Amino acid sequence: MSERVLKALVVLFFIWGVVATSLYANEVMRGQEGEIRVNIGIRYDNRTEWHNSTVLRKGATLLEATKSVASVNYTEYPGMGCFVNSINGVRNEGSKYWIWWYWDRSMGWVLGPVAADKYLLSDGETLLWFYEDTSSYPPPKP
């Protein structure tokens with residue numbers, strides 16, 4: 001192989017490497033800034049409303065997700081998080097409150113461990129707001 005052909009191949013491989021690295025870096029950045037999809041259920045006394053494949057920005061919280069599909073009234077308690085008072089006009093009343101759950105493949109429905117504004121969502125998660133009687137704790141699973 002001539003020296004000229006060899007130099008041309010080296011230059012082509014160098015250009016290919018720069019382009020491939022740039023494309024890969026763009027994909028990585030897009031993944032970090034990208035979107036996630038979650039399934040959000042809102043279970044009232046007599047029906048459940050599902051918002052499947054709800055598109056959100058990566059890093060979104062459950063409260064943000066809920067606000068994207070429903071009208072939400074909440075109170076913020078500094079240092080603790082937000083407490084949901086009502087969803088779509090259905091207010092906490094008596095012993096009935098809005099409680100949120102997430103689906104775990106091995107355990108089934110799991111009670112939300114933190115306030116909705118503190119819970120960061122992951123792609124593909126399924127979550128459920130359940131308007132339920134909390135007179136006994138923990139409340140029964142949905």
Side-chain angles (χ1 to χ4, degrees), residues 1 4-142:
M1 191 180 295
R4 189 172 169 171
V5 171
L6 188 58
K7 284 181 182 179
L9 285 174
V10 168
V11 169
L12 283 174
F13 279 122
F14 176 76
I15 292 171
W16 175 79
V18 169
V19 170
T21 302
S22 176
L23 291 173
Y24 177 75
N26 284 340
E27 285 301 311
V28 168
M29 290 303 292
R30 195 178 339 213
Q32 291 172 347
E33 298 172 0
E35 299 175 337
I36 61 170
R37 294 179 189 274
V38 298
N39 303 314
I40 306 168
I42 302 172
R43 186 172 185 174
Y44 303 91
D45 279 332
N46 58 354
R47 67 179 165 59
T48 303
E49 209 176 82
W50 282 101
H51 303 274
N52 294 327
S53 295
T54 300
V55 178
L56 302 160
R57 66 170 175 76
K58 202 172 203 176
T61 66
L62 175 57
L63 183 61
E64 291 170 319
T66 307
K67 288 169 47 179
S68 77
V69 298
S71 173
V72 181
N73 176 278
Y74 60 92
T75 304
E76 184 175 353
Y77 294 95
M80 294 174 53
C82 293
F83 181 76
V84 171
N85 300 311
S86 70
I87 297 177
N88 289 333
V90 178
R91 298 192 61 77
N92 297 333
E93 188 175 355
S95 62
K96 294 193 94 167
Y97 288 86
W98 286 104
I99 305 292
W100 72 272
W101 301 78
Y102 68 92
W103 180 256
D104 181 278
R105 290 178 195 224
S106 62
M107 297 188 300
W109 288 111
V110 178
L111 191 58
V114 295
D117 64 315
K118 304 287 185 196
Y119 189 78
L120 297 179
L121 299 169
S122 297
D123 189 46
E125 271 192 282
T126 298
L127 305 113
L128 176 67
W129 282 101
F130 189 14
Y131 186 64
E132 62 187 312
D133 186 346
T134 60
S135 56
S136 65
Y137 198 86
K141 292 184 177 193

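Since we're looking at a predicted model, the values are computed, not measured.
Put simply, the side chain of Ser95 never gets that close to the backbone of Thr134: no donor and acceptor are under 3.5 Å apart. The backbone N or O of Met107 sits nowhere less than 3.5 Å from a side-chain atom of Arg105 that would complete a donor-acceptor pair.
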Practice item. Show your reasoning for whether side-chain contact (heavy atoms from CB on, under 4.5 Å) applies to Trp129 and Thr66. Key: CA-CA 9 Å; Trp129 282 101; Thr66 307; 2.7 Å; yes

Exercise for review: Walk me through it: do Val69 and Trp50 pass the test side-chain contact (heavy atoms from CB on, under 4.5 Å)?
Suggested key: CA-CA 10 Å; Val69 298; Trp50 282 101; over 6 Å; no

Check your understanding: Does the side-chain contact (heavy atoms from CB on, under 4.5 Å) test come out yes or no for Phe130 and Trp100, once each step is laid out?
Key -> CA-CA 6 Å; Phe130 189 14; Trp100 72 272; over 6 Å; no

Review point. Hey, mind stepping through Leu121 and Ile36 against side-chain contact (heavy atoms from CB on, under 4.5 Å) and telling me if it holds?
Key: CA-CA 8 Å; Leu121 299 169; Ile36 61 170; 3.7 Å; yes

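Across every non-hydrogen atom of Pro139 and Trp101, the tightest pair is O-CH2, 3.7 Å. Here the shortest heavy-atom pairing between Ala116 and Thr61 reads O-CB, 3.7 Å.
Asn39 has its side chain out of reach of Leu127: every pair of non-hydrogen atoms, C-beta onward, lies at least 4.5 Å apart. The closest side-chain heavy-atom distance from Ser68 to Leu56 is below 4.5 Å. Counting heavy atoms from C-beta outward, Arg43 and Glu49 have side chains that stay 4.5 Å or more apart. The shortest side-chain heavy-atom distance between Val38 and Asp123 does not fall under the 4.5 Å cut-off. Put simply, the side chain of Thr48 reaches to within 4.5 Å of the side chain of Leu128, judged on heavy atoms.
Checked against salt bridge (charged side-chain N to carboxylate O under 4.0 Å, His left out), Lys96 has the following partners two or more places apart in sequence or in another chain: Asp45.
In this structure, CG on Leu63 lies 9.5 Å from CD on Glu76, to the nearest 0.5 angstrom. Atom CG of Leu120 sits about 12.0 Å away from atom NZ of Lys58, to the nearest 0.5 Å.
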Please tabulate, one pair per line, all N/O donor-acceptor pairs under 3.5 Å involving side-chain atoms of residues 78-94, not counting sequence neighbours.
unit_1, atom_1, unit_2, atom_2, d
Asn85, ND2, Asn73, OD1, 2.9
Asn85, ND2, Thr75, OG1, 2.8
Asn88, OD1, Ser71, N, 2.9
Asn88, ND2, Tyr44, OH, 2.8
Asn92, OD1, Trp98, N, 3.0
Asn92, ND2, Val84, O, 2.8
Asn92, ND2, Asn85, O, 3.4

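Under the 4.0 Å criterion applied to side-chain N and carboxylate O atoms, Arg37 and Glu125 are not assigned as salt-bridge partners.
Ring orientation note: the planes of Tyr119 and Tyr102 are close to parallel, at an angle under 30° on the 30°/60° scale.
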